[in-house]
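Down below is the structure, laid out as structure tokens.
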Amino acid sequence: DFICTFALRDPAAEVQQQMQAAGFDVVQVPASLALADEPQWLQQHLAAQDILVVDGYDFTADYQRLLKQHRQALVYLDDFVRDYMWADVVLNQAGGVQATDYRHEPGTTFCLGPQHGLLRRPFRKTAPASELDPTRVFLNMGGADPDNHTLTVLQQLRQWLPQHTIEVVTGSAYPHQAALVAATQQWPTVHLHHNLPAEEMAAVLRRCGVKVCPPSGVAYECCAVGGLVLLHPTADNQQRLFAYLTGQQLALPLIELASLTPPQLPKLAQHLRQRQQAIFDGQAGPRLRRAFQELALTYSLVARRATAADVE
């Protein structure tokens, strides 16, 4: 197993507390440190056998190259398929991405697609079909949802599925909670949940046979648990994942619900679950652990010239 330490620049107090509560050490990058000097600063805090994982839009090809000059084992978490990759391992959990889409160093290992998805532990197991209630709907429009898609979609769902119970989950950064509470006071089939821990959110997901969300990280959690996943994009940068999930028959566009009847939903859910279980097979963790173990082994090897004593 690996020991994980997080190096963070100006972390919010809540983030730092979450890291420490999970048992991780936190090293704070000086706020005054220029980004160009950060690779050198990191080297002072890294041992020869350490693997550095970088995740952020500021970690460009030049940043990676500076790290590799120190023969640093490097894993890069990517979203854009844009920069040249100097990293040893590239992780991009978006669907539809291939290694041939990248410009990279020889020997780079690619961990691509939802088969390598970074799912939180409570969402890694598929819910038994017996637990999924086809008359219960999960609704979440992301952690923030500044445009309040939550209320708009909720109103649509009440029209399309008037007999269904709707479990609405909003995040800590959702700015419309008071308005949502006021709007739903007279709606007995709507249950509100706010800022749930991962375990409680997973428990809600496992009760709901129908799941409505944007094509973002929460969509992977919905697909992993399983059921009739319906997607409502809320941002332009979600279109690629929307196309992948619907094209692979892992989810359907929410708008299709308008032309469906409630008796059709269980059969659709069963069809999607078969595809979901083939992709979200619960083996992402072992796959990623194997990639890290192989990288660690590579950097533990030492090359030297052969001597006459080697043949004795």
Side-chain angles (χ1 to χ4, degrees), residues 77-81 91-97 111-127 132 136-150 152-154 156-157 166-171 173-174 193 196 198-257 260 265 268-285:
L77 274 59
D78 184 50
D79 291 331
F80 290 131
V81 196
L91 169 60
N92 185 338
Q93 61 183 346
V97 178
C111 298
L112 304 177
Q115 294 90 340
H116 297 89
L118 298 173
L119 293 173
R120 292 178 289 176
R121 191 179 300 276
F123 303 95
R124 295 175 190 171
K125 290 185 178 180
T126 300
L132 297 170
R136 192 175 294 271
V137 181
F138 168 89
L139 171 61
N140 173 264
M141 285 289 112
D145 187 21
D147 297 324
N148 207 8
H149 291 274
T150 298
T152 302
V153 173
L154 176 58
Q156 290 179 329
L157 289 173
I166 304 175
E167 308 279 0
V168 183
V169 178
T170 53
Y174 177 61
H193 310 270
L196 291 182
E199 292 80 5
E200 293 181 24
M201 181 169 167
V204 174
L205 274 175
R206 295 173 76 88
R207 294 197 299 268
C208 297
V210 181
K211 300 168 173 64
V212 179
C213 64
S216 60
V218 69
Y220 273 17
E221 293 174 345
C222 290
C223 288
V225 174
L228 178 56
V229 179
L230 302 168
L231 301 179
H232 175 75
T234 60
D236 290 341
N237 63 1
Q238 297 172 350
Q239 289 303 317
R240 185 169 188 164
L241 184 55
F242 177 81
Y244 170 77
L245 291 172
T246 55
Q248 294 294 315
Q249 301 181 54
L250 298 166
L252 295 175
L254 174 62
I255 192 64
E256 291 193 12
L257 187 59
L260 297 171
L265 303 187
L268 275 174
Q270 182 180 7
H271 172 72
L272 293 182
R273 274 175 58 84
Q274 292 175 349
R275 293 287 301 150
Q276 292 160 355
Q277 290 173 355
I279 301 297
F280 297 89
D281 58 4
Q283 296 303 305

| request: Would you check if Pro215 and Pro233 make a side-chain contact, meaning some heavy-atom pair closer than 4.5 Å? | output: yes
| request: Any pair with a residue in residues 231-242 that passes side chain to side chain donor-acceptor pair (under 3.5 Å), sequence neighbours left out, goes on the list, sorted by first then second residue, please. | output: His149-His232, Thr234-Gln238
| query | Quick one: are Leu250 and Val229 in side-chain contact, heavy atoms under 4.5 Å? | reply | no
| query | Is there a side chain to side chain contact (heavy atoms under 4.5 Å, CB included) between Asp147 and Thr152 once you walk through the steps? | reply | CA-CA 9 Å; Asp147 297 324; Thr152 302; over 6 Å; no
| query | Any idea which heavy atoms bring Cys222 and Leu205 closest together, and the distance? | reply | SG-CD2, 3.7 Å
| So do the side chains of Met141 and Val212 get within less than 4.5 Å of each other, counting heavy atoms only? | yes
| Pairs in or reaching into residues 201-212: which pass side chain to side chain donor-acceptor pair (under 3.5 Å), with residues at least two apart or in two chains? | Glu131-Arg206
| Partners passing side-chain hydrogen bond (donor to acceptor under 3.5 Å, both in side chains) against Gln249 (at least two apart in sequence or in another chain) | His271
| message | Quick check: closest heavy atoms across Leu245 and Cys223, and the distance to 0.1 Å? | response | CD2-SG, 4.4 Å
| said: Considering only residues two or more places apart or on different chains, which pairs with a residue in residues 236-257 satisfy ring-ring contact (aromatic ring centres under 6.0 Å, His included)? | reply: none
| said: List the residues meeting side-chain hydrogen bond (donor to acceptor under 3.5 Å, both in side chains) with Arg273, not counting sequence neighbours, and say none if there are none. | reply: none
| Heavy-atom side-chain contact between Val204 and Phe138 under 4.5 Å | yes
| query | How long is the gap from OG1 on Thr150 to CG on Asn140, to the nearest 0.5 Å? | reply | 6.5 Å
| query | Could you state the interatomic distance from CD (Gln248) to CZ (Arg275), rounded to the nearest 0.5 Å? | reply | 5.5 Å
| request: Could you tell me which non-hydrogen atom of Thr246 sits nearest to which non-hydrogen atom of Leu252, and how far apart they are? | output: CG2-C, 4.1 Å
| query | Between Asn92 and Asp78, which heavy-atom pair has the shortest distance, and what is it? | reply | CG-O, 3.3 Å
| Can you tell if the side chain of Val210 reaches within under 4.5 Å of the side chain of Leu257, non-hydrogen atoms only? | no
| Atom pair CG (Leu157) and CD1 (Ile166), whose distance is rounded to the nearest 0.5 Å | 5.0 Å
| message | I want to check something: taking the side chain as every heavy atom from C-beta on, are Leu268 and Leu260 in contact at a cut-off of under 4.5 Å? | response | yes
| request: May I ask you to test the Gln93-Leu118 pair for a side-chain heavy-atom distance under 4.5 Å? | output: yes
| request: Not counting sequence neighbours, list each pair that qualifies as a side chain to side chain donor-acceptor pair (under 3.5 Å) and has a residue in residues 113-127. | output: Arg120-Glu221
| request: Could you tell me which non-hydrogen atom of Gly95 sits nearest to which non-hydrogen atom of Pro114, and how far apart they are? | output: CA-CD, 4.0 Å
| Cys213 versus Val218, closest heavy-atom pair with distance | CB-CG1, 3.7 Å
| Cys208 vs Val137 side-chain heavy atoms within contact, under 4.5 Å | no
| task | Return yes when atom CD of Gln270 has more than 12 non-hydrogen atoms of other residues, nucleotides or ligands closer than 6.0 Å, and no otherwise. | result | no
| field | side chain to side chain contact (heavy atoms under 4.5 Å, CB included) between Val169 and Leu139, worked out | value | CA-CA 6 Å; Val169 178; Leu139 171 61; over 6 Å; no
| task | Check whether any side-chain N or O of Glu199 sits under 3.5 Å from a backbone N or O of Pro122 as a donor-acceptor pair, and report yes or no. | result | no
| said: Please determine whether side chain to side chain contact (heavy atoms under 4.5 Å, CB included) holds for the pair Leu112 and Leu91, giving the CA-CA distance in whole Å, both sets of side-chain angles, and the decisive distance to 0.1 Å. | reply: CA-CA 6 Å; Leu112 304 177; Leu91 169 60; over 6 Å; no
| message | Within this structure, what is the CG-OG1 distance for the pair Asn148 and Thr170, rounded to the nearest 0.5 Å? | response | 10.0 Å
| said: If you apply the rule side chain to side chain contact (heavy atoms under 4.5 Å, CB included), what do you find for Leu241 with Tyr220, and how did you get there? | reply: CA-CA 10 Å; Leu241 184 55; Tyr220 273 17; 3.7 Å; yes
